[in-house]
Structure formats: structure tokens, C-alpha cells
Amino acid sequence: IGGFGAFLIGKPTLTYINQFAQNLRIWALVAAIGGTFDTFYSFERSFFGSLLPGRFDLPFLGSQVEEDRNQKRQFLFGGIGAASKYGILVKGSNYLEAMAQADTIVFDKTGTLTEGVFKVNDVVALGAIDSSRLIELAACAESYSNHPIAKSIVTAYEGEGRTVDKEQIIDVEELAGKGICLTHKDGIFYVGNQNLMETYNIPLSEDLKKNVAKHFGTVCYLSNENECLGYITISDVIKKDSARAIERLHKQGVKNSIM
């Protein structure tokens, strides 16, 4: 570049120097962002073609590529810059091109399409105990857990002006991916999902499963050592703009949305 600067200084017209400096800054920025010197070739043809008689080769500034390829790269660089304004970091232009062809998107539901804040929707007792006692026992079981679902159960119980009486709790055993075994002064209770019920041979009738399927969200069963006493349904809060975002994705050609 220093050589061209020396060449241009010999020109009697200062306009050429100003034009060169102005265009060079723009193209240098494009090259720095993209990590390539291919785009300099279009600059060399457009600017020096009008400045010099004949073609002036710049072998060290880039290889000869088609104009549409250069324009395509410029659009991709612009897309990466636009994405960064929304806090989206794209590793490279090839990933941006691949995303343009995507027809399926898999979402991590919690915190992406939802707020990541769980709340208790329903407390359903099956007769042996009432709903107040059901959530009390569930809160005792979940009181030592930091899991968002566990916290939502405790919050729902304490939101009624009550506190968990930990003196009633003898032992709490967590079974990963299933739930909790609570040893209470009133007996042993299991609080968790269907897998936990099956682990301890707690029967779940088909009618019960059908009723549970009607509820939206996560289902937390509670049982003693012999039978299921009821269940609690918990759901996350859907973000206000999630539906609109998925609708816009469909308009852009995304056919499948999976959570």
C-alpha cells in the first residue's frame, strides 16, 4: 500500500489522493472483518481502472474472484454485524449461510421460549387426604432442593401464609431423575414423576393417567407406600413474544419447531 501511496503522491491532482484514502479505509474495514482480501480485487478494478491506463495488477491484495461472490460476502458480513446488535454471536459466514437453509429448529424450552419461572397450577387430591395436606407433604419433601420445580412447590405452600415445619421431617433422599423419598413423622412418602411411582410399585390407574394428560406442564405425584394420594401440576411462564417469534420463523421457511 505504501508503494501505491508514493505513486499517487506524484499525481498533480489532490482529488485522487483523497479518493484513494477514502475508499481504502472502507475496503480495509471489510477485509479486517472478514479475514479475507478477496474483496480488494473489486476495489482494484473499479478505482484503479479509472485512474490508470490499462489494468494494474495487485497480486498481494487478493485472488481474482467473481463480483457476485464479493457482494455475497459483504452481505454476510453485514448480517453478522446486525446479529451482534441483538447479542447474537455468529462464528462465521458459513454458519449464517447454513441457517438460511434450515427448515427445522430445536428449542431448549426453559428460559428460551419461557421465562424460566415455574408456578403451581393445580393441586389434585384423590381422596385419602385433602389438597392442603397434599401440598404440605410435597413442600416438606422439596424444601431441601434447589431445583426450580421444587422451589415452586414450596413457594405455593408458603404463599398461603404457612411455613414448612422441618421438625416433622426425619430424612429426605433424592433419586436422580425421578424425585424424592420423604421420611416423615407420619410415614414414608414418595414425591416425583411416574418413573418414581413405578420404582416403588405404586399403581397408577388408566383413568388417572388420562386425567393427568389433560393438564399442561410437569406432573409431580405424591404417594405413600401403598397408593397414589394425588398430584401437582407445575408449568413455566411462556414469554410474551414466543408465539410471534415462531410465527415469523415459519414465514421464513422453518417448517418444524421442536422442544
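Here the structure is a predicted model, which is why all the values come from computation and not from measurement. The analysis underlying the following values was restricted to heavy atoms, covering all of them including side chains, and did not include hydrogens, waters or symmetry mates.
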Check against side-chain contact (heavy atoms from CB on, under 4.5 Å), Tyr157 and Arg162: CA-CA 7 Å; Tyr157 175 71; Arg162 300 175 292 184; 3.2 Å; yes
Spacing of Asp236 atom CG and Thr112 atom OG1 [to the nearest 0.5 Å]: 10.0 Å
Check for me, please, whether Leu113 and Val254 land in the same ILVMFWY cluster - side-chain distances under 4.5 Å, paths through other members count. yes
Ring geometry between Phe189 and His184 (parallel below 30°, tilted from 30 to 60°, perpendicular above 60°): perpendicular
In terms of hydrophobic clustering (I, L, V, M, F, W, Y; side-chain heavy atoms under 4.5 Å; direct or indirect links), are Val164 and Ile234 co-clustered? yes
Exercise: identify the closest heavy-atom pair between Leu126 and Cys228: CD1-O, 3.6 Å
More than 12 heavy atoms from other groups under 6.0 Å of CG on Leu89: no
Looking at Glu158, I'd like to know if its CD atom is crowded, meaning that more than 12 non-hydrogen atoms belonging to other residues, nucleotides or ligands lie closer than 6.0 Å. yes
Report yes or no: does Asn211 contribute a side-chain atom to a donor-acceptor pair with the main-chain N or O of Lys214 at less than 3.5 Å? no
Using side-chain heavy atoms (C-beta onward) and a distance below 4.5 Å, is Thr199 in contact with Tyr190? no
Please test Tyr200 against Leu175 for side-chain contact (heavy atoms from CB on, under 4.5 Å), starting from the C-alpha separation and ending with a verdict. CA-CA 12 Å; Tyr200 290 99; Leu175 289 83; 3.5 Å; yes
Let's go through Asp122 and His215 carefully: what are the C-alpha distance in whole Å and the side-chain angles of both, what is the deciding distance for side chain to side chain donor-acceptor pair (under 3.5 Å) to 0.1 Å, and is it a yes or a no? CA-CA 8 Å; Asp122 302 289; His215 294 274; 3.2 Å; yes
All heavy atoms of Val120 vs all of Ala156, minimum pair found to be CG2-CB, 3.6 Å
From Met197 CE over to Lys178 NZ, what is the distance, rounded to the nearest 0.5 angstrom? 11.0 Å
A cation-pi test, strictly: NZ or CZ of Lys166 under 6.0 Å from the centre of the six-membered ring of Tyr144 and no more than 45 degrees from its axis. Yes or no? yes
When rounded to the nearest 0.5 angstrom, what is the spacing between CD1 in Ile180 and OG in Ser143? 8.0 Å
Output yes when Glu136 and Arg133 qualify as a salt bridge under the 4.0 Å nitrogen-oxygen rule, no when they do not. yes
Rounded distance (nearest 0.5 Å) linking atom CG of Asn201 with atom CD of Glu225: 12.0 Å
Measure the spacing between CG of Asp130 and CD1 of Ile135 and express it to the nearest 0.5 Å. 11.5 Å
Within 6.0 angstrom of Lys239 NZ, more than 12 heavy atoms from elsewhere: yes
Any side-chain heavy atom of Ser242 within less than 4.5 Å of one from Thr114? no
Only one of Ile202, Asn195, Leu204 passes side chain to side chain contact (heavy atoms under 4.5 Å, CB included) with Tyr221; say which it is. Leu204
Looking only at heavy atoms, what is the nearest atom pair of Leu222 and Ala138, with distance? CD1-N, 3.6 Å
Verify the neighbour count for atom CD1 of Ile238: are there more than 12 heavy atoms of other residues, nucleotides or ligands below 6.0 Å? no
Indicate yes or no: at least one non-hydrogen side-chain atom of Thr104 is less than 4.5 angstrom from one of Lys255. no
Can you give me the closest heavy-atom contact between Cys140 and Ile169, atom names plus distance? O-CD1, 3.4 Å
Are Val124 and Leu208 connected, step by step, through hydrophobic side chains (Ile, Leu, Val, Met, Phe, Trp, Tyr) whose heavy atoms are closer than 4.5 Å? yes
Joint cluster assignment, Tyr231 & Val191, ILVMFWY side-chain distance < 4.5 Å: no
Which heavy atom of Ile246 sits nearest a heavy atom of Ser257, and at what distance? CG2-OG, 3.8 Å
Rounded to the nearest 0.5 angstrom, the CG-OG1 distance for Asn121 and Thr218 is 9.5 Å
Between Val123 and Ser131, what is the shortest heavy-atom contact and its length? CG1-O, 3.5 Å
Any sub-3.5 Å donor-acceptor pair from Asn224's side-chain atoms to Leu229's backbone N or O? no
Would Cys220 and Ile149 count as a side-chain contact (heavy atoms from CB on, under 4.5 Å) here? Give the steps. CA-CA 9 Å; Cys220 182; Ile149 290 178; 5.5 Å; no
The test is side-chain contact (heavy atoms from CB on, under 4.5 Å); show your working for Leu182 and Val172 and say whether it passes. CA-CA 5 Å; Leu182 168 67; Val172 172; 3.9 Å; yes
Heavy-atom side-chain proximity of Thr233 to Val219 below 4.5 angstrom: yes
Does the side chain of Leu137 reach to within under 4.5 Å of the side chain of Ile129, using non-hydrogen atoms? yes
